[in-house]
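Taking it in order: structure first as structure tokens, then the write-up.
Numbers restart at 1 for each chain; the letters A, B, ... are given by sequence-line order, proteins then strands. Everything numeric here is computed off the predicted structure, so don't read it as measured data.
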2 protein chains.
Amino acid sequence: MNVINASPRRKELTRLAAQLFVQEGFDRTTVRMLAQEMGIKSGSLFHHFKDKQEILAAVIEEGTQNALVIARKALNECAAEPEIRLRTMARAHLETLFTDRNAHVVALFEWRRLDPAASAHLSHLRDAYEALWVAVIDDALEAGLIHGDRFLVSRFVLGALNWTVRWYDPSGPRSPDDLADELVAMIMPTSA
Amino acid sequence: MNVINASPRRKELTRLAAQLFVQEGFDRTTVRMLAQEMGIKSGSLFHHFKDKQEILAAVIEEGTQNALVIARKALNECAAEPEIRLRTMARAHLETLFTDRNAHVVALFEWRRLDPAASAHLSHLRDAYEALWVAVIDDALEAGLIHGDRFLVSRFVLGALNWTVRWYDPSGPRSPDDLADELVAMIMPTSA
DNA sequence: CATTTACACTAGCGCTTGCTTGGTTACTCT
DNA sequence: AGAGTAACCAAGCAAGCGCTAGTGTAAATG
């Protein structure tokens, strides 16, 4: 296996793996399929990754890291009004979801295939991301923008947003930003 | 294979299969695991199902049929006010989701493992169920109870509800009905 | 009583899986 | 020029996979 964990070659392989994992699912994707997609033989794959599990972990880590970076940057750059921050966070969520779509679909639907060690490590990343959401929602609740239980609201909103990967086509007439705004409008009484 | 497609034995086997599919995922569940769970040898399994795919189809069909029955019954029995019908539908959705939890988790996350023939057949069932939702949401929109695009609203609501299987624990303090009511309240400006 | 049917068993075929081994090539750095 | 290393390949192993063939047996059916 490669010692430099972030070699450019490895990054590109991770990207291709994400695509295959989405197309076929992790379990149905064989190391031979992965190798062919990458233009190498199946044995050579284990020069870059110690085993198949590590490829899955790399895909998910990549996606989650990007989500964190994008969300933090968006929140830093936007105004301090709770309403704007809420909209910004929803937009950032969909932006990541559809620019790194493959990685995120894998993260959402193949999470359980991770072994316990990788799962524990990646859970921390995921928690850091969700903490951003909870903070934004807390502010919106405090400002009286939305109503309900903070825990439930964040789960419902994240559920609605994550589920979009199942039906939304970004090449259609509606932009991800439109989508985010419509969801925020749906849960905000004052903006009817 | 059994000619009587709905033999009680087959129903019980389907229930056990659903549990294993949730625990391990469809692809990782081997026919030997299924057989052991059912107390028979792997060869005997093919007396009840023509192949592994058919077991998956049986699990999903069972769950979706139940959802339809429960939702129709609930809607027939409840009042005609759009607000009540909306709440009723949300409650029925979560009721099915957590009484037939295994079957529904499989339906939601292993749908893509179905072969095209089974998928086409089950899509009709699924569509019939979603038609109930769209009707209820249309009424609520017309009555001015909620606002937004009918297509988007139904997708968001279904997403939020379906995602509950990922985090909600029915044995906790909150009942599924509470959950449904909170979601409806969240999107209804007038009920703040 | 003879036959069919439902359900289970044993044994294993043919194939695919993730991964290993041992060695080769091409490039960089001193 | 020589050493080191990243990237690759050919070959294949051991295990596990879905599924089939053929058989036994007890209960229902004519």
*Might you work through the side chain to side chain donor-acceptor pair (under 3.5 Å) test for A:H93 and A:Y129, ending with a clear yes or no?*
CA-CA 10 Å; A:H93 193 89; A:Y129 179 75; 2.6 Å; yes

*Scan for side-chain hydrogen bond (donor to acceptor under 3.5 Å, both in side chains) pairs involving residues 97-120 of chain B, sequence neighbours excluded, and state none if there are none.*
B:D27-B:R113, B:N66-B:D100

*Roughly how many Å is it from CG in B:L56 to P in D:dC19, rounded to a whole number?*
12 Å

*Specify the separation, in whole Å, of atom CG of A:L45 and atom C1' of C:dT20.*
14 Å

*Pull out every residue in residues 25-34 of chain A that has a heavy atom closer than 4.0 Å to any atom of DNA chain C, ordered by number, or say none.*
A:T29, A:T30, A:V31, A:R32

*Which whole-number value in Å describes the distance from B:K52 NZ to D:dG16 C1'?*
12 Å

*Any side-chain hydrogen bond (donor to acceptor under 3.5 Å, both in side chains) involving residues 150-160 of chain A? Give me the pairs, sequence neighbours left out, ordered by first then second residue.*
A:D138-A:R150

*Rounded off to whole Å, could you give me the NE2-to-C1' distance for the B:H48 and C:dT5 pair?*
13 Å

_Is the phosphate of D:dA6 approached by A:R10 (side-chain N or O, under 4.0 Å from OP1 or OP2)?_
no

*Taking only the side-chain heavy atoms of A:K41 (C-beta and beyond), determine which of D:dC19, C:dA8, D:dC9 contains the nearest atom.*
D:dC9

*Between A:H47 and D:dA7, is there a side-chain N or O to OP1/OP2 distance below 4.0 Å?*
yes

*Would you kindly give the CZ-to-P distance between B:F49 and D:dG18, to the nearest whole Å?*
15 Å

*Starting at CZ of A:R9 and ending at P of D:dC8, how long is that distance when rounded to a whole Å?*
4 Å

All N/O donor-acceptor pairs, side-chain side in residues 75-82 of chain A, below 3.5 Å, sequence neighbours left out:
none

_Rounded interatomic separation in angstrom, taking CD1 from B:I55 and C1' from D:dC17_ = 14 Å

*asked:* Can you measure A:E24 atom CD to C:dT17 atom P for me and round it to whole angstrom units?
replied: 11 Å

*Distance test, side-chain N/O of B:S44 to OP1/OP2 of C:dC9, below 4.0 Å*: yes

*Which residues satisfy the salt bridge (charged side-chain N to carboxylate O under 4.0 Å, His left out) test with A:R126, sequence neighbours excluded?*
A:E130

_Residue of the set A:I187, A:T164, A:V157 for which side-chain contact (heavy atoms from CB on, under 4.5 Å) holds with B:F156_ = A:T164

*Report the residues that fulfil side-chain hydrogen bond (donor to acceptor under 3.5 Å, both in side chains) with B:R32, sequence neighbours left out, ordered by chain and then residue number.*
none

